[in-house]
Amino acid sequence: MVTAAPHLLELQDISVIWKGQTLLQQIKAVASSQEIIGIIGPNGAGKTTLMSVISGQIPPARGRVLYQGQDITAWPPHRRCRAGIARTFQIPRPFVDMTAWENVATAICFGQPQKAAAVGRSQAIPFLEMVGLVHKADTLGRDLTLSEQRRLEVARALATDPKLLLLDEVAAGLSPKMVRQVVTLVERLRQQGLTLLIIDHFLNLTLEVADRLLVLDRGEMIMAGPPQEIIRHPEVVGAYLGTRRVTKGRRTPG
Amino acid sequence: MRAKSASVIAQTCRSILPVVAAALLFFGPLLFPVAEVYLLVFGMACFYAALAMAWNILALSGLYSLGHGAFFGLGAYSAIIFQQQLAFPVYAAVLAGGLVGALYGLLWGVVLKNLRGAYFALATLAALEIPRVVADNWESLTSGSMGIVGISRLPALELGLISLPVGESMRGQYYFLLGWMVLTAVVHRQALKSRWGWALQAIRDNEVAAEVLGVNVYGCRLLALGVSALLTGIAGGLYGHLMGLIEPAMVFSLQMAAYPLVLSFFGGRFQVLGPMVGALVLYPLDQLVLQPWLPQGHAAVYGLVIIFTIFFFPRGITAWLQQRHTS
């Protein structure tokens, strides 16, 4: 067998235990360059936990995270960011006392591998343009609406010049028209060479763009595969509609 | 049109006021015959301004310390012990005392790494008690709770051609403390306006967001703690020489964090000049006006000041004045 180039991201048997509770159990997954992967599953399945393991906020109890073939399990978040892993948060975390452009400039200044000290407004504007926030460039983080703060999350993550972008519920609560815009953006980012991992509880985004879906339920990965296959699978339907594990061998239709 | 010209005047006043104040601080004692008491009071105001800025450097990273007295006391005791028992030159001993304070600060950085908010503040209060108890009881080294008396005055400071008689004349002491304040102010400015300062703002605005956007949260905070402790420790050593005596209860005191806290909050803790303005306004006001008028209860006024500040201008008077003029 010829040694293939390493996957961009590889998760080896990741387990997370928090206060005696197993949040993730032996998750195995790989992501190749320019792939778009959706992570779906019911509430409390461990989707965001998995993302935090990749971005470095939550250390796994067992298992390893490999990025570009390197073991980064012990790396702090800022180092992973500079290596090209960026994420957004489902509940936005803007820098409240900075304007939108300063929020983005912070990401440029600290997130990119090598960067000069001074980052100006003009360098931040293109990222705000991508998410349609240019008109709010001079508004303080605290004064943005929730949906604007969500878009700022994306702009900031992009400003770190990532290779791997983790999006946590970016499409939640968006109108169909706005979802279309996100689809366009995601496709464009893939063409630019990014790999994307997208948590998408309601499936309104990943169904269209994802190459593969990973299904999590109660900390376990119960399935992985192409979206059209996954959503028809009875176990996935069951996990989503909550009829799983009711009685042995019996499944009532939703 | 009138409103515009009014705002121009306000703008001019705003830019001239600091210049006038700075000129008075620098040249006032040279031009006018100033009574010694003013030199003493404004010199000490500079001292407390530096202490406030040193404290604020850590506060800018989003951590409020109540235990800066630990650095202050360690700096004071180390400086005096280095000088008296190891025959260090005075200024070298003061600097070494600052380093001892900084080391203790870095120890906090490691041990209290995961504490935030009130938990951090309480832990610092506990961390202040440890060296105080040691200083109280290690009598062979520190003379215990009696303290060390008869500490020499600060010697003249030789700066190339100029010799500044720090301990000999009140004017010399004033200029020395003014210089110390300016030096601290330069560092304090870095904690706000440099790349490091930018990182500190990101950390105090949202720590989790900062770390995923590439800010080395732990490193930046450790640097803030180290610098803050170093400057506070040096101030402690200077204090011993200025007062001529030190005792544990005096230097290992909550006061050494509480007072800078009041000055910083009042002056404006997110402004380069904030803590300095706070000290240069409040301390002389207290010493020259309140103390003669209310010798018993003048310290209580600080409590009122901090409550008043939090209610009416939570970002401090400097920020409040700027806002009034820009809006």
Side-chain angles (χ1 to χ4, degrees), chain A residues 48 51-52 54-58 75-99 102-119 127 140-142 149 152-153 155-162 164-166 168, chain B residues 56 59-64 109-110 113-114 116-117 186-187 189-224 264-265 268-272 274 313-316 318-320 322-323 326-327:
Chain A
T48 299
M51 196 164 269
S52 297
I54 301 169
S55 64
Q57 269 101 26
I58 296 180
W75 288 18
H78 68 94
R79 193 169 163 205
R80 299 183 194 211
C81 170
R82 287 175 201 171
I85 300 176
R87 75 166 290 178
T88 66
F89 292 96
Q90 182 179 4
I91 298 161
R93 296 175 168 275
F95 300 125
V96 288
D97 278 335
M98 294 186 196
T99 61
E102 285 168 337
N103 266 270
V104 172
T106 307
I108 299 175
C109 185
F110 297 97
Q112 297 192 1
Q114 281 111 25
K115 206 66 208 178
V119 176
F127 295 101
L140 285 182
R142 66 167 81 256
Q149 290 181 344
L152 183 62
E153 285 279 321
R156 268 190 338 194
L158 289 174
T160 65
D161 195 16
L164 174 65
L165 180 59
L166 315 172
D168 195 349
Chain B
N56 197 46
L60 284 171
S61 81
L63 294 177
Y64 298 103
V110 175
K113 183 181 176 187
N114 294 323
R116 301 288 179 272
V186 171
V187 182
R189 186 185 182 282
Q190 287 301 103
L192 275 159
K193 298 288 178 188
S194 68
R195 186 183 152 89
W196 173 48
W198 194 341
L200 291 178
Q201 183 181 354
I203 292 168
R204 66 176 185 267
D205 264 15
N206 199 312
E207 191 176 326
V208 175
E211 66 178 3
V212 300
L213 293 173
V215 177
N216 183 349
V217 173
Y218 184 55
C220 287
R221 207 167 239 167
L222 204 60
L223 182 63
S264 299
F265 270 68
R269 61 198 194 281
F270 307 120
Q271 314 285 318
V272 174
F313 20 83
R315 294 176 78 88
T318 323
W320 179 70
Q322 277 181 1
Q323 258 171 22
T326 44
S327 62

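Sequence lines set the chain letters: A, B, ... in the order given, protein chains first and strands last, and positions in each chain run from 1.
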- Item | Distance-minimising heavy-atom pair for A:Val96 and B:Asp205 | N-OD2, 3.2 Å

- Tightest non-hydrogen contact, residues A:Asp97 and B:Gln201, listed as O-NE2, 3.4 Å

- Query: What part of A:Phe95 is in contact with chain B, defined as an atom under 4.5 angstrom from a non-hydrogen atom: side chain, backbone, both or neither?
  - Reply: both

- Query: Non-hydrogen atoms of chain B under 4.5 Å away: do they reach the side chain of A:Arg82, the backbone, both or neither?
  - Reply: side chain

- When every non-hydrogen atom of B:Val215 is compared with those of A:His78, the smallest separation belongs to O-CB, 3.2 Å

- So which part of A:Ala83 gets closer than 4.5 Å to some heavy atom of chain B, the side chain, the backbone, both or neither? neither

- Distance-minimising heavy-atom pair for B:Ala202 and A:Thr106: CB-CG2, 4.0 Å

- Note on the structure: Max heavy-atom pairs within cutoff under 4.5 Å with chain B, candidates A:Ala105, A:Ser55, A:Pro76, goes to A:Ala105

- Search all heavy atoms of A:Cys81 against all heavy atoms of B:Gly214 and return the closest pair with its distance. SG-N, 3.4 Å

- Please report the shortest heavy-atom distance between B:Ala209 and A:Phe89, naming the atom on each side. CA-CE1, 4.4 Å

- Here the gap from A:Arg87 atom CZ to B:Leu213 atom CG, rounded to the nearest 0.5 Å, amounts to 10.5 Å

- Heavy-atom pairs under 4.5 Å with chain B are the metric here; pick the option from A:Arg80, A:Arg79, A:Met98 that has the most. A:Met98

